[in-house]
**Student:** 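I have a structure here, written as structure tokens, and I will follow up with some questions on it.
Residue numbers start at 1 and run along the sequence shown. Every heavy atom of this structure was used, including side-chain atoms; hydrogens, water molecules and symmetry mates were not.
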Amino acid sequence: MNTNTDGPKNNAPRYLPVEFRQAEQAQTASDEDVLAVSRRLISQNHSAYQELAK
């Protein structure tokens, strides 16, 4: 019986080995995604931006 409570509860792997290029591509957001998030944030914070512009 394992009484160690510091570690994971099961033996599920935590890491998935991938080539560096694949990992790099997976972390890169498309320009469209970045622009969509930017537009949403600008819209949500429009009044704060106008106040800061004064």
Side-chain angles (χ1 to χ4, degrees):
M1 183 166 119
N2 185 359
T3 58
N4 181 3
T5 59
D6 296 333
K9 300 280 184 201
N10 58 30
N11 291 329
R14 292 194 218 167
Y15 305 101
L16 178 64
V18 295
E19 291 186 27
F20 185 75
R21 175 143 337 260
Q22 288 176 329
E24 191 175 58
Q25 290 172 349
Q27 292 181 1
T28 303
S30 70
D31 289 343
E32 293 83 15
D33 292 340
V34 173
L35 289 173
V37 170
S38 296
R39 283 190 205 104
R40 182 172 48 91
L41 291 173
I42 289 170
S43 175
Q44 287 176 349
N45 298 306
H46 183 70
S47 60
Y49 293 141
Q50 290 214 333
E51 190 66 28
L52 289 170
K54 291 181 180 180

**Student:** Scan residues 40-49 for pairs that pass side-chain hydrogen bond (donor to acceptor under 3.5 Å, both in side chains), counting only residues two or more places apart or in two chains.
**Tutor:**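 Checked against side-chain hydrogen bond (donor to acceptor under 3.5 Å, both in side chains) - neighbours excluded - the pairs reaching residues 40-49 are H46-Q50.
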**Student:** My understanding is that only residues two or more places apart in sequence, or in another chain, count here; which of them pass salt bridge (charged side-chain N to carboxylate O under 4.0 Å, His left out) with E19?
**Tutor:**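 For E19, no residue satisfies salt bridge (charged side-chain N to carboxylate O under 4.0 Å, His left out) once neighbours in sequence are set aside.
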**Student:** Do V37 and D33 have side-chain heavy atoms sitting under 4.5 Å apart?
**Tutor:**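 Heavy-atom side-chain distance check fails, nothing below 4.5 Å.
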**Student:** Mind jotting down which residue pairs meet the salt bridge (charged side-chain N to carboxylate O under 4.0 Å, His left out) criterion with at least one end in residues 44-54? Sequence neighbours excluded, please.
**Tutor:**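 As it turns out, the salt bridge (charged side-chain N to carboxylate O under 4.0 Å, His left out) pairs with a partner in residues 44-54, which skip direct neighbours, are E51-K54.
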